[in-house]
Undergrad: 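My structure is below; once you've seen it, I'll send some questions.
Just so we're clear, the structure is a prediction, and the values are computed from it rather than from any experiment.
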Amino acid sequence: FAILMVAPCAWGAYATTADSSPDISGDASAAARAHIFKLSIPDIAESLIGMPYQYGGNPDITGTTDNSHLFFTLYTRAAEKAGLRFIDYQPMRFFLKNFTAVEETQVQVGDLILLNNNHAAMIYKKEKSGKIYCIYASEKRKKVLTFNSDNLVFTIYWLENIKGFYRLKERTLQRAQ
């Protein structure tokens with residue numbers, strides 16, 4: 001299942017949005033499950049906005065989160081809705097090994113924006129115009145925050161310090177048993 005569209009990005013580039021899904025299980029419904037996975041991310045992300053930040057926090061146990069638990073929770077819940085299983089929890093320094101670099105023009109819902117200091121935000125929503133919405137757990141502000149590509153902080157902080165955009169590797173999602 002793939003939709004190809006060209007749209008101007010809020011930061012001036014042109015984005016090719018491809019909703020291509022990994023072949024998770026080798027059967028015909030793999031693309032459908034991958035599509036459900038991506039479609040589930042925005043609602044799950046929005047339910048976590050404002051959650052208190054705590055290093056080592058786990059939304060399902062403590063009602064708090066740090067960035068690695070935030071991303072793990074988002075991916076795990078989206079995978080469950082799609083009949084998939086996401087890999088086990090890993091601290092951020094190990095978690096990032098499960099991603100592969102993608103071009104800015106190829107960003108999709110579920111991709112990460114990674115900074116040079118390895119701080120990350122997840123793209124949880126993308127409009128047809130190319131405007132993206134990101135979520136992350138802020139240690140400084142002590143809660144889960146969002147911003148979008150029209151926000152000044154996106155340009156003067158995130159894009160100035162960007163290492164790149166990253167997507168989950170196929171092996172991170174498996175068909176639920």
Undergrad: Specify the closest pair of heavy atoms between Arg171 and Ile87, including all atoms of both residues, with the distance to one decimal.
TA: O-CG2, 4.1 Å

Undergrad: We want to know whether Tyr89 and Ser68 form a side-chain donor-acceptor pair, criterion being a heavy-atom distance below 3.5 angstrom.
TA: yes

Undergrad: Walk me through whether Phe147 and Ile132 qualify under side chain to side chain contact (heavy atoms under 4.5 Å, CB included).
TA: CA-CA 9 Å; Phe147 61 91; Ile132 60 173; over 6 Å; no

Undergrad: Where the side chain of Tyr75 meets the backbone of Gly110, is there a donor-acceptor pair that is under 3.5 Å apart?
TA: yes

Undergrad: Provide the closest heavy-atom pair for Gly130 versus Ser149 in the form atom of the first, atom of the second, distance.
TA: O-OG, 4.3 Å

Undergrad: With a 4.5 Å limit on heavy-atom distance, are the side chains of Leu48 and Leu70 in contact?
TA: yes

Undergrad: So, do Ile49 and Leu145 sit near enough that their side-chain heavy atoms are less than 4.5 Å apart?
TA: no

Undergrad: Ignoring hydrogens, what is the shortest heavy-atom contact between Ile44 and Ala78? Give both atom names and the distance.
TA: CD1-N, 3.4 Å

Undergrad: Quick one: closest heavy-atom pair of Trp158 and Ala121, and the distance?
TA: CH2-CB, 3.6 Å

Undergrad: Restricting to non-hydrogen atoms, name the atom on Asn67 and the atom on Ala120 that form the minimum distance, rounded to 0.1 Å.
TA: ND2-O, 2.7 Å

Undergrad: Asn116 and Ile162: which non-hydrogen atoms are nearest, and at how many Å?
TA: OD1-O, 3.5 Å

Undergrad: List for me each residue that meets side-chain contact (heavy atoms from CB on, under 4.5 Å) alongside Asn117, sequence neighbours excluded, and say none if there are none.
TA: Leu115, His119, Tyr157

Undergrad: When you compare the side chains of Asn98 and Gln90, does any donor N or O come within less than 3.5 Å of an acceptor on the partner?
TA: yes

Undergrad: Drop me the distance from Thr155's OG1 to Asp150's CG, to the nearest 0.5 angstrom.
TA: 8.5 Å

Undergrad: For Glu46, check salt bridge (charged side-chain N to carboxylate O under 4.0 Å, His left out) against everything at least two apart and list the hits.
TA: Lys125

Undergrad: Under 4.5 Å between any side-chain heavy atoms of Leu159 and Phe154, yes or no?
TA: yes

Undergrad: Any donor-acceptor pair under 3.5 Å linking the side chain of Asp111 with the backbone of Gln108?
TA: yes

Undergrad: Quick check: does any side chain N or O of Arg167 sit under 3.5 Å from a backbone N or O of Gln106, one acting as donor and the other as acceptor?
TA: yes

Undergrad: Contact between Arg33 and Leu173 at the side-chain level, heavy atoms closer than 4.5 Å - yes or no?
TA: no

Undergrad: Around atom CD of Glu139, are there more than 12 heavy atoms of other residues, nucleotides or ligands at under 6.0 Å?
TA: no

Undergrad: Considering residues at least two apart in sequence or located in another chain, which fulfil the salt bridge (charged side-chain N to carboxylate O under 4.0 Å, His left out) criterion with Lys143?
TA: none

Undergrad: Examine Met92 and Phe72 and state if one hydrophobic cluster contains both, with Ile, Leu, Val, Met, Phe, Trp and Tyr joined whenever side-chain heavy atoms are less than 4.5 Å apart.
TA: yes

Undergrad: Applying ring-ring contact (aromatic ring centres under 6.0 Å, His included), name anything that partners Phe99, two or more places apart in sequence or on another chain.
TA: Phe95

Undergrad: Can you find a heavy atom in the side chain of Phe86 that is under 4.5 Å from one in the side chain of Gln174?
TA: no

Undergrad: Donor-acceptor pairs under 3.5 angstrom involving side-chain atoms of residues 50-64: please list them, not counting sequence neighbours.
TA:
| from | atom 1 | to | atom 2 | distance (Å) |
| --- | --- | --- | --- | --- |
| Gln54 | OE1 | Thr64 | OG1 | 3.1 |
| Asn58 | OD1 | Asp60 | N | 3.0 |
| Asp60 | OD1 | Arg77 | NH2 | 2.5 |
| Thr62 | OG1 | Asn58 | N | 3.0 |
| Thr62 | OG1 | Asn58 | O | 3.1 |
| Thr62 | OG1 | Thr64 | N | 3.2 |
| Thr62 | OG1 | Thr64 | OG1 | 2.6 |

Undergrad: Taking salt bridge (charged side-chain N to carboxylate O under 4.0 Å, His left out) as the test, write out the residues that go with Asp66, two or more places apart.
TA: none

Undergrad: Taking C-beta and beyond as the side chain, do Ser40 and Ile36 meet within less than 4.5 Å on heavy atoms?
TA: yes

Undergrad: Would you say Tyr166 and Leu96 make side-chain contact, with heavy atoms under 4.5 Å?
TA: no

